[in-house]
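Worksheet: the structure to be examined is printed underneath.
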Amino acid sequence: MKKTLFFIFGLIIASFALYAEIVIPDTESLSNGNPCFPGAYADPEGIMCGDTLFIYPTRSLPFKEQTAMDCFSTTDLKHWTKHENIIDTTEVKWAWGAMWAPAVLEKDGMYYLFFGANDIHEGEIGGIGVAVSNRPEGPFRDLLGHPLINEIVNGAQPIDQFVFKDKDGSYYMYYGGWGHCNMVRLADDFKSLVSFPDGTLYKEVTPGDYTEGPFMLLKDGKYYFMWSEGDWTKDNYRVAYAIADSPFGPFERIGTILESDPEIGTGAGHHSVIQSSKTGRYYIVYHKHPVGAKDGNDRVVCIDELRFDTNGKILPVKMTVTGPSSF
């Protein structure tokens with residue numbers, strides 16, 4: 001009888017162990033690597049919230065299907081949490097088409113998400129909107145109920161916005177597609193634009209070969225302005241940069257810092273830059289087409305270290321499949 005009970009008990013334990021092996025994630029198999037997380041995503045905006053990295057990408061789907069956004073968070077680049085549907089077109093009533101290229105920042109304990117919507121042309125409704133949440137993972141609500149920028153100024157389609165806080169506390173937004181880049185100054189509540197000292201609302205700051213995807217980094221008193229060039233569906237998509245003494249430029253193109261590598265991926269671009277709160281090192285978050293990709297929407301999010309030489313110039317980024325070991 002005892003032998004029978006031990007046998008049955010052994011079967012139960014073995015069955016439980018087998019079940020546990022199936023349902024419990026194998027954390028040892030989760031390792032650093034590029035892409036950072038699964039799925040077709042693009043245009044990643046990375047921000048640090050304490051020791052946690054949040055990445056806000058575009059859902060890289062056919063245009064009319066990009067009607068919602070997700071974000072991802074990690075504290076170690078190994079384990080990622082997916083936060084789904086942080087905002088969608090049911091919340092943003094004026095966004096009838098795609099929402100993409102988010103830009104996120106924290107101000108006074110609130111998180112503001114700027115986005116492009118509807119791929120507008122002259123006379124259409126759409127452009128750059130802004131949403132707000134009390135948590136970095138959302139959900140976000142539409143702040144205005146209408147676009148913040150709905151017009152085409154200086155030939156710049158209102159898309160691909162990046163919001164930058166200057167050292168004097170001013171908030172500037174750089175944006176623009178169709179080969180033109182504007183900058184505007186934002187009101188402190190992000191609900192409107194504020195004119196510059198000369199009375200204008202828009203300043204064109206387009207550098208040579210600019211296409212879209214502007215980003216600004218302030219480092220050691222210098223303004224590092226970066227942007228994407230080429231066609232986002234093609235191998236010639238890449239990131240270039242300039243350095244200036246002012247957020248207004250002038251931005252003279254220095255060179256390319258991120259481009260295709262046939263062995264790693266192609267069409268690398270539309271990036272952001274984060275600085276580790278632990279080490280002070282800089283990292284570039286970007287999208288690329290996987291090797292062999294045929295569809296322009298086949299894009300994934302990656303992260304690699306961004307390094308500078310002794311003169312402050314940005315060194316060309318070597319894309320990797322492993323990614324950084326930590327940040």
Side-chain angles (χ1 to χ4, degrees), residues 34 42-48 55 57 101 103 105 154 156 159-167 172-184 203-232 234-261 264-276 280-288 299 301-320 324 327:
N34 283 326
D43 314 329
E45 171 89 345
I47 68 168
M48 294 298 303
I55 293 181
L105 77 160
N154 298 325
I159 63 170
D160 288 6
Q161 63 296 314
F162 174 71
V163 179
F164 169 72
K165 183 180 180 180
D166 200 6
K167 52 191 176 185
Y172 299 114
M173 183 166 68
Y174 301 86
Y175 76 89
W178 295 347
H180 293 274
C181 183
N182 288 334
M183 70 177 294
V184 295
K203 290 188 180 298
E204 184 168 8
V205 291
T206 308
D209 296 333
Y210 173 93
T211 299
E212 60 193 15
F215 185 89
M216 177 65 82
L217 171 68
L218 179 60
K219 180 180 182 293
D220 299 330
K222 297 291 185 179
Y223 293 85
Y224 290 77
F225 188 58
M226 304 171 231
W227 63 90
S228 292
E229 303 174 343
D231 183 331
W232 66 270
K234 307 295 184 183
D235 293 353
N236 68 353
Y237 204 55
R238 59 192 180 271
V239 175
Y241 82 112
I243 302 176
D245 294 322
S246 162
F248 299 94
F251 301 117
E252 300 294 335
R253 188 185 191 278
I254 294 175
T256 302
I257 59 172
L258 179 68
E259 59 187 353
S260 293
D261 182 337
I264 304 294
T266 59
H270 202 125
H271 75 298
S272 58
V273 176
I274 61 164
Q275 184 180 20
S276 171
R281 293 178 177 174
Y282 291 88
Y283 298 88
I284 184 168
V285 187
Y286 60 94
H287 74 240
K288 69 177 182 182
R299 296 176 289 179
V301 171
C302 302
I303 181 170
D304 279 300
E305 189 166 356
L306 186 70
R307 296 183 174 92
F308 301 79
D309 68 16
T310 56
N311 295 315
K313 299 290 183 65
I314 301 177
L315 296 171
V317 176
K318 173 62 178 175
M319 289 194 292
T320 69
F327 73 102

Does anything in residues 213-224 pair up under salt bridge (Lys or Arg N to Asp or Glu O under 4.0 Å), and if so which pairs, sequence neighbours excluded? Lys222-Asp245
Residues at least two apart in sequence or cross-chain that pass salt bridge (charged side-chain N to carboxylate O under 4.0 Å, His left out) with Lys318, listed by chain then number, are Asp261
For Met319 and Asn34, run side-chain contact (heavy atoms from CB on, under 4.5 Å): C-alpha distance rounded to whole Å, both residues' side-chain angles, the deciding distance at 0.1 Å, then the answer. CA-CA 9 Å; Met319 289 194 292; Asn34 283 326; over 6 Å; no
Only counting residues at least two apart or in another chain, list the ones meeting side-chain hydrogen bond (donor to acceptor under 3.5 Å, both in side chains) with [X].
{"X": "Thr206", "result": "Glu204"}
{"X": "Arg307", "result": "Glu305"}
{"X": "Tyr223", "result": "Asp166"}
{"X": "Glu212", "result": "Tyr237"}

Do [X] and [Y] have side chains that get closer than 4.5 Å, going by heavy atoms?
{"X": "Pro316", "Y": "Thr256", "result": "no"}
{"X": "Tyr224", "Y": "Ile243", "result": "yes"}
{"X": "Tyr286", "Y": "Leu258", "result": "yes"}
{"X": "Ile314", "Y": "Met226", "result": "yes"}
{"X": "Lys313", "Y": "Ile254", "result": "yes"}

I'd like to check the side chain to side chain contact (heavy atoms under 4.5 Å, CB included) partners of [X]; sequence neighbours left out, ordered by chain and number.
{"X": "Ile159", "result": "Trp100, Gln157"}
{"X": "Ala244", "result": "Phe251"}
{"X": "Thr211", "result": "Glu229"}
{"X": "Gln275", "result": "Tyr282"}

[X] side chain to [Y] backbone, donor-acceptor under 3.5 Å:
{"X": "Ser276", "Y": "Arg281", "result": "no"}
{"X": "Asn154", "Y": "Cys181", "result": "no"}
{"X": "Lys288", "Y": "Ile264", "result": "yes"}
{"X": "Asp304", "Y": "Thr320", "result": "yes"}
{"X": "Asp309", "Y": "Asn311", "result": "yes"}

Looking at Tyr175, Trp227, Tyr174, Phe215, which hits ring-ring contact (aromatic ring centres under 6.0 Å, His included) with Phe162? Phe215
What closest approach, in Å, do [X] and [Y] show between heavy atoms, and which atom pair accounts for it?
{"X": "Ala242", "Y": "Glu252", "answer": "CB-O, 3.1 Å"}
{"X": "Ser228", "Y": "His270", "answer": "OG-N, 2.8 Å"}
{"X": "Ala156", "Y": "His180", "answer": "CB-O, 3.5 Å"}
{"X": "Phe308", "Y": "Leu217", "answer": "CZ-CD2, 4.1 Å"}
{"X": "Ile47", "Y": "Ile274", "answer": "N-CG2, 4.0 Å"}
{"X": "Ile55", "Y": "Val285", "answer": "CD1-CG1, 3.7 Å"}

Give a yes or no on whether the ring-centroid distance for Tyr172 and Phe164 is below 6.0 angstrom. no
Can you tell me how far apart CD (Gln161) and CG (Asn182) are? Round to the nearest 0.5 Å. 13.0 Å
When rounded to the nearest 0.5 angstrom, what distance separates CZ in Arg238 from NE2 in His271? 14.0 Å
Results of ring pair (Phe, Tyr, Trp, His ring centres under 6.0 Å) for Phe327 - residues two or more places apart only: none
What pairs with Tyr241 under ring pair (Phe, Tyr, Trp, His ring centres under 6.0 Å), at least two apart in sequence or on another chain? none
Would you check if there is a donor-acceptor pair between the side chains of Asp235 and Ser260 at a distance under 3.5 Å? no
Heavy atoms from other residues, nucleotides or ligands near NZ of Lys165 exceed 12 (cutoff 6.0 Å): no
